[in-house]
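As a basis for the values below, the full set of heavy atoms in this structure was taken, side chains included, without hydrogen atoms, waters or symmetry mates. We're numbering straight along the sequence, starting at 1.
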Amino acid sequence: MALSSFDIDAPRWDQSTFMGRLKHFFNITDCRTALLPDSRLDEAKALVESCRAGSVPPGTTEEQLHYAKKLYDSAFHPDTGDRMNLIGRMSFQVPGGMAITGFMLQFYRTVPAVVFWQWVNQSFNALVNYTNRNAASPITSKQIGIAYATATSTALATAVSLNLYTKKAPPLVARWVPFVAVAAANCVNIPMMRQQEILNGIAVTDENGNKLGHSKKAAIKGITQVVISRVTMAAPGMIILPIIMQRMEKYKFMQRITYLHGPIQVMMVGVFLIFMVPAACSLFPQRCSMSVSKLEPELRNSIVSQYGESVQHVYFNKGL
């Protein structure tokens with residue numbers, strides 16, 4: 001195949017299937033890419049843009065093009081093409097998430113520790129949610145502040161109240177409090193951070209990328225899927241790991257190394273996240289679709305009047 005005709009934006013794996021999406025997200029959430037300097041990422045972007053323009057540098061191999069696209073997808077926003085901040089990238093979810101989650105699971109007994117680590121986690125989540133929003137719907141600094149404060153307050157209120165409530169409950173129940181707080185906060189943080197999409201609608205296109213209008217129903221569908229994915233991402237590590245630690249701490253060798261319980265949990269959370277970050281991102285297609293018949297009446301009538309029955313579905317970036 002001539003590289004001049006290579007379609008670098010064509011999915012390497014079938015994005016209509018879970019396994020195809022899983023391979024794709026294993027590829028772009030590779031945490032090793034987070035270690036690369038900006039200059040290397042910019043080189044990858046330049047190569048991707050050259051390929052899009054039909055001008056592939058001589059001597060470039062197909063594998064080099066695939067790797068450049070991997071770096072581009074991992075570090076640059078799909079809507080704007082701008083380089084995303086390091087902490088907000090999905091490739092940073094494993095190192096960032098494993099450290100914060102590990103310490104949330106370790107320091108769950110006292111209210112000050114719960115408050116601190118829930119605050120750290122929500123600050124991290126807010127940055128991730130903002131970074132991976134649908135950038136076609138701008139959000140103001142005031143709205144970002146309100147979203148951050150609301151989500152953080154929800155997490156803290158949930159965690160502290162449950163922490164106090166579970167004082168007389170079995171120890172394992174108390175260990176699950178961080179997950180409940182994280183799940184509750186995700187249900188607030190993501191919709192609040194992306195409130196502009198809910199209020200004004202998200203840009204929808206036809207199959208060929210031609211803009212058709214804005215849909216609030218499409219925004220709600222996309223954001224709901226993102227919330228489900230994020231809760232799923234955290235669930236196995238934050239539900240299963242407390243059971244494992246509860247049993248391991250009964251052994252004498254674990255009782256002698258209590259100072260290592262935190263690092264042990266951090267590493268074990270990392271093992272979960274290596275698989276769960278791509279798996280959770282793969283639950284739904286990033287290029288989400290919706291039947292025209294399920295859109296708002298005004299938008300549906302506009303599409304039907306312009307295109308008749310030729311457009312049956314609209315498409316939009318649901319974000320991550």
S.K.: Are His24 and Ser282 close enough that some pair of their side-chain heavy atoms sits under 4.5 Å apart?
M.R.: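 No, side chains not in contact.
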S.K.: Which pair of non-hydrogen atoms, one from Lys221 and one from Cys288, has the smallest distance, and what is that distance?
M.R.: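 What the structure gives for the nearest pair is CE-SG, 3.8 Å.
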S.K.: For the residue pair His313 and Tyr315, does the interplanar ring angle fall in the parallel (under 30°), tilted (30 to 60°) or perpendicular (over 60°) class?
M.R.: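 The rings of His313 and Tyr315 sit tilted, inter-plane angle from 30° to 60°.
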S.K.: If every non-hydrogen atom of Ile223 is compared with every non-hydrogen atom of Ile198, which pair is closest and at what distance?
M.R.: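 The pair with the smallest heavy-atom distance is CD1-CG1, 3.6 Å.
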S.K.: Would you call the rings of Trp119 and Phe116 parallel, tilted or perpendicular, taking 30° and 60° as the class edges?
M.R.: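 Taking Phe116 first and then Trp119, their aromatic rings sit tilted (interplane angle of 30° to 60°).
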S.K.: I'd like to know if the side chain of Gln255 reaches the main chain of Glu249, judged simply by a donor and an acceptor atom lying under 3.5 Å from each other, with no hydrogens or angles considered.
M.R.: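 Side chain of Gln255 to backbone of Glu249: a pair is present.
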S.K.: If you compare all heavy atoms of His77 against all heavy atoms of Thr131, which two are closest, and at what distance to 0.1 Å?
M.R.: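 Where His77 meets Thr131 most closely, the heavy atoms are CD2-O, 3.1 Å.
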S.K.: Considering residues at least two apart in sequence or located in another chain, which fulfil the side-chain contact (heavy atoms from CB on, under 4.5 Å) criterion with Val111?
M.R.: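 Only Val115, Val160, Asn163, Leu164 meet the side-chain contact (heavy atoms from CB on, under 4.5 Å) criterion with Val111.
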S.K.: Distance alone, cut at 3.5 Å: any donor-acceptor contact between the side chains of Arg175 and Gln246?
M.R.: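 Yes, a side-chain donor-acceptor pair sits under 3.5 Å.
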S.K.: Give a yes or no on whether the backbone of Thr29 and the side-chain of Ser74 come within a donor-acceptor separation of less than 3.5 Å.
M.R.: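 Absent.
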S.K.: Heavy atoms, side chains only, cut-off 4.5 Å: are Leu22 and Phe25 in contact?
M.R.: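 The answer is no; the side chains never approach within 4.5 Å.
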S.K.: In plain terms, say whether Asp42 and Arg83 are close enough for a salt bridge, that is, a side-chain N and a carboxylate O under 4.0 Å apart.
M.R.: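 Yes, Asp42 and Arg83 are salt-bridged.
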S.K.: Tell me whether Arg32 forms a cation-pi arrangement with Phe26, defined as NZ or CZ under 6.0 Å from the six-membered ring centre and within 45 degrees of its axis.
M.R.: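 Not flagged: Arg32 not positioned over aromatic ring of Phe26.
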S.K.: Could you grab the distance from atom CD of Glu43 to atom CG of Leu71, nearest 0.5 Å is fine?
M.R.: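 Reported value, rounded in 0.5 Å steps: 10.0 Å.
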S.K.: Does a side-chain heavy-atom distance below 4.5 Å link Lys70 with His66?
M.R.: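 Not in contact.
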S.K.: State, without any angle test, whether Gln118 and Thr152 hold a side-chain donor-acceptor pair at a distance under 3.5 Å.
M.R.: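 No - no donor-acceptor pair under 3.5 Å links their side chains.
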S.K.: Treating Arg89 as the side-chain partner and Met84 as the backbone partner, does any N or O pair qualify as donor plus acceptor under 3.5 Å?
M.R.: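 Yes, because the side chain of Arg89 sits within donor-acceptor range (under 3.5 Å) of the backbone of Met84.
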S.K.: For the pair Glu298 and Ser302, evaluate side chain to side chain donor-acceptor pair (under 3.5 Å) and give the outcome as yes or no after the intermediate values.
M.R.: CA-CA 6 Å; Glu298 301 84 4; Ser302 173; over 6 Å; no
S.K.: Assess, by modelled atom type and distance only, whether the side chains of Thr205 and Asn210 contain a donor and an acceptor separated by less than 3.5 Å.
M.R.: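 Per modelled atom types, Thr205 and Asn210 side chains form no pair under 3.5 Å.
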S.K.: Heavy-atom distance under 4.5 Å between the side chains of Thr101 and Phe272, does that happen here?
M.R.: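 A side-chain contact under 4.5 Å is absent here.
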S.K.: Any heavy-atom pair between the side chains of Val173 and Pro170 that's under 4.5 Å?
M.R.: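 They are in side-chain contact.
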S.K.: Evaluate the side-chain proximity of Leu299 to Glu296: yes if any heavy-atom separation is below 4.5 Å, no if none is.
M.R.: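 Heavy-atom side-chain distance check passes, below 4.5 Å.
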S.K.: Between the side chains of Gln312 and Glu309, is a donor N or O closer than 3.5 angstrom to an acceptor N or O?
M.R.: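 Per modelled atom types, Gln312 and Glu309 side chains form a pair under 3.5 Å.
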S.K.: Might you confirm whether atom NZ of Lys23 has over 12 heavy atoms from other residues, nucleotides or ligands at distances under 6.0 Å?
M.R.: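 Counting neighbours around NZ of Lys23, 12 or fewer heavy atoms of other residues, nucleotides or ligands fall under 6.0 Å, so no.
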S.K.: Can you confirm whether Trp176 sits close enough to Ile243 that some side-chain heavy atom of one is under 4.5 Å from a side-chain heavy atom of the other?
M.R.: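 In contact.
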